[in-house]
Amino acid sequence: MKIENKITEAVMQITEELYGQPVPEKMVQLQQTRPEFEGQITLVVFPFTKMSHKAPEQTAQEIGEALKEKLPEVVSKYNAVKGFLNLSISSEQWIDVLREIYENPRYGFTPVTEDSPLVMIEYSSPNTNKPLHLGHVRNNLLGWALAKVMEANGNRVVKTNIVNDRGIHICKSMLAWLKWGNGETPESSGKKGDHLIGDYYVAFDKHYREEVRELVAQGMDEEQAKQEAPLIKEAHEMLVRWEQNDPEVRSLWRKMNEWVYAGFDETYKALGVSFDKIYYESETYLEGKEKVEEGLEKGLFYRRDDGSVWADLTKEGLDEKLLLRSDGTSVYMTQDIGTAKLRFQDYPIDKMIYVVGNEQNYHFQVLSILLDKLGFKWGKDLVHFSYGMVELPNGKMKSREGTVVDADDLIQTMVADARQMSADKVNKLEGITDEEAQEIARIVGMGALKYFILKVDARKNMLFNPEESIDFNGNTGPFIQYTYARIRSILRKWEEASPVPSQGGGNGKAANLLPLGGGREGASLAEREISLIQKLQDFQTTVRQAGQDYNPSCIANYCYELASEYNRFYHDFSVLREEDARKRQFRIALSAAVGQVIKNGMGLLGIEVPERM
RNA sequence: GGUCUGGUAGCUCAGUCGGAUUAGAGCAACAGCCUUCUAAGCUGUGGGUCAUGGGUUCGAGUCCCAUCCGGAUCACCA
């Protein structure tokens, strides 16, 4: 049983004995004791003063006395400051806590069974006309981390992606390639497929704007010019031919999309993300129409004179929303309804989470209402995991203005920086091959990038300054990875020196250390060691919190705090050089447990940890 | 204008269910610590009217109201 639970139980009994009624469990507020006071756990007694009819300090005093009597093996000392009762917990209790964490390689995780709720998470969702940029990176990393967090909280998770592979934007790239491409392919030019297509998208836009400018110069109204420019008309014609299944257009479309997918796959692989099921809009966009027709029959929607179909959401405090155009074609909303329908057919979904930027908050508010009306049981409670934009020092990223931070470039830079960084520290990496050094650079570089993005609250906009490279010191991924590498270094040395053969498992031979301490007498721990154990224990609560709030960033912040705490411990105490065998054993186990939790915690963020760096 | 969202140190960010007369980290600046398990580390100094004004109470960065400033959104685009 957790120490906190024991205390809570005892406090409820004590208040009943002293004041005639037990306080409700919620009122037993336990928190970590501030460093400037003695003790480790603090009970806030202000809420009890109403029933004790005594001053806060006096109330704390008598509860402390009773606690010490009731739980002598737990509470060794206490002191009362105002309404705060600070409890000193015996070292044996803390060692028990450590043992429990140490012996459970999955500490903090809730097991997933066949009966666990099924959560589908949609993330990434790229367009196929341009390469991924930093905004997509944030999306992908958040989606992946969220999936891991949900899994850690005992959910079956299906990761899904909806690829926007059709529409006018793809036709623009296709048209530009036909006109100016001279048959360029990824093979012929050595360009990554998504970048190649992106270049033609930009080329289209450039020529198109020239055409518009010329028409305006000839006296045409700008709005009209945008519609009358020959290029845009041609693109529209191509879209029509696509929808009519024109073999020539379709075949070009397939070829170019394949190039893009090959490029995306590389980027996804570098980011370490993957999907269980990919949907393509070209396959789902017709599905939504059926559902809309269905809703029309049921009187949920209505048709205007021009033939367009609308949902009236004014009762819900929203606007009227278009669902089918007057020519019968579908819009974004219709497609999302169609995709939802297919997904529901494919999986018995209990909860649906969409990882999509906050610019689409309104869209998902509407989608939720519509899905609910159409009878999707999870529609009403769908979760829009709405994350903020990545901004540059001079504002938002805009593809057309070329102010984007390309994902592939950024990844490459990060890994190269990490490689450069470790080149200065030759002594640490002596005896390793070039491949191993490169692998470490990959892990560290990606760790820096991922942590940089995941440590900030997903809902908030965040700033990225391309002028300043992402840090490797301080509150960063590499700091935490470094702490792990230090721990692994200690454990390797310990294992080498130990005569006992390895038993395998995450902790290797260190498992032989337990039970800790042998006899119980005099096993006194330093405050710093205890606070490390407390921090370890917090992992469970943090994982739950992250799951409840859909908030991976609190895992990142937790990992930093744990690593920080360990580094202070590392600085102040010797592990292998400790002469007292029992203390040494304890510290090795403590280190192993910290390493394990760091690895698991970082794993939830999709960040790997290196054995050395 | 309606709706949503944010405002904490020069910069980037934490701050749980409201808890400790002193609001935390990192970066940047300055000063220390490697003959010692990895210095990508540790320790210290300076830096704040928690946007502003009210309210709620034993207690407010945190909850409520108003105001100011920023961002998003309100398309027969996706």
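Chain letters run A, B, ... following the sequence lines, proteins first and then strands; every chain starts at 1. Just so you know, these numbers use all the heavy atoms, side chains as well, and skip hydrogens, waters and symmetry mates.
Looking at the side chain of A/Val456, the nearest of the listed nucleotides B/C37, B/A78, B/A14 is B/A14. Closest to the side chain of A/Asn361, out of B/C27, B/C4, B/U38, is B/C4. Nearest to the side chain of A/Gln31, among B/G26, B/G19, B/U38, sits B/G19. Candidate nucleotides B/C74, B/G41, B/C37 were compared by shortest atom distance to the side chain of A/Tyr362, and B/C74 ranks first. Between B/C17, B/A78, B/C74, one nucleotide has an atom nearer to the side chain of A/Gln545 than all others, and that is B/C17. Distance from the side chain of A/Glu359 is smallest for B/A72 among the nucleotides B/A78, B/A72, B/U21. Taking every side-chain heavy atom of A/Tyr482 into account, B/U38 is the closest of B/U38, B/C13, B/A78. Closest to the side chain of A/Asp306, out of B/A20, B/C76, B/C37, is B/C76. The side chain of A/Val44 approaches B/G19 more closely than any other nucleotide in the set B/G19, B/G26, B/A78. When each of B/G71, B/C42, B/A78 is scored by its nearest atom to the side-chain atoms of A/Val331, the top-ranked nucleotide is B/A78.
In this model, the phosphate group of B/A14 is approached by a side-chain N or O of A/Lys460 to a distance below 4.0 Å at OP1 or OP2.
Atom C1' of B/G47 sits at a distance of 12 Å from the matching atom of B/C30, rounded to the whole Å. Straight-line distance between the P atoms of B/C13 and B/A20: roughly 26 Å, to the nearest whole Å. B/A14 and B/G6 are spaced 12 Å apart, taking the P atom of each and rounding to whole Å. Look at the P atom in both B/U8 and B/A51: the space between them is 6 Å, to the nearest Å. Comparing B/U36 with B/C27, their C1' atoms are spaced 30 Å from each other, to the whole Å.
A side-chain N or O of A/Asn361 and one of A/Ser386 form a donor-acceptor pair less than 3.5 Å apart. Defined by atom type and a distance below 3.5 Å, a donor-acceptor pair is present between the side-chain atoms of A/Ser282 and A/Asp165. Between A/Ser308 and A/Arg304, the side chains place no donor N or O within less than 3.5 Å of an acceptor N or O (distance only, hydrogens not considered).
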Should A/Arg612 and A/Glu436 be marked as a salt bridge (Lys or Arg N to Asp or Glu O under 4.0 Å) after you check the CA-CA gap, both sets of side-chain angles, and the distance that decides it? CA-CA 10 Å; A/Arg612 55 177 69 191; A/Glu436 286 169 328; over 6 Å; no

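Within 4.0 Å (heavy atoms only), A/Ser386 reaches no atom of the nucleic acid at all. Across all strands, A/Asp572 comes closer than 4.0 Å to no nucleic acid atom at all (heavy-atom distances).
An aromatic stacking contact between A/Tyr560 and the base of B/A25 is absent, as defined here by ring centres under 5.5 Å apart and ring planes under 30° from parallel. A distance cut-off of 5.5 Å between ring centres, combined with a plane angle under 30°, places A/Phe46 in a stacking arrangement with the base of B/G19. Under the stacking definition used here (centres under 5.5 Å, planes under 30°), the residue A/Phe84 fails to qualify as stacked on the base of B/G19.
Distance, A/Asn465 CG to B/G10 P: 18 Å, rounded to whole Å.
Between the side chain of A/Asn461 and the backbone N or O of A/Met389 there is at least one donor-acceptor pair closer than 3.5 Å.
Within a 6.0 Å radius of CZ in A/Arg459, no more than 12 heavy atoms belonging to other residues, nucleotides or ligands are found.
Applying the 3.5 Å distance criterion, the base of B/C37 shares no donor-acceptor pair with the side chain of A/Ser574. The base of B/A14 lies outside donor-acceptor range of the side chain of A/Ser553, with no N or O pair under 3.5 Å. If you check distances only, the side chain of A/Asn86 does reach the base of B/A20 with a donor-acceptor pair under 3.5 Å.
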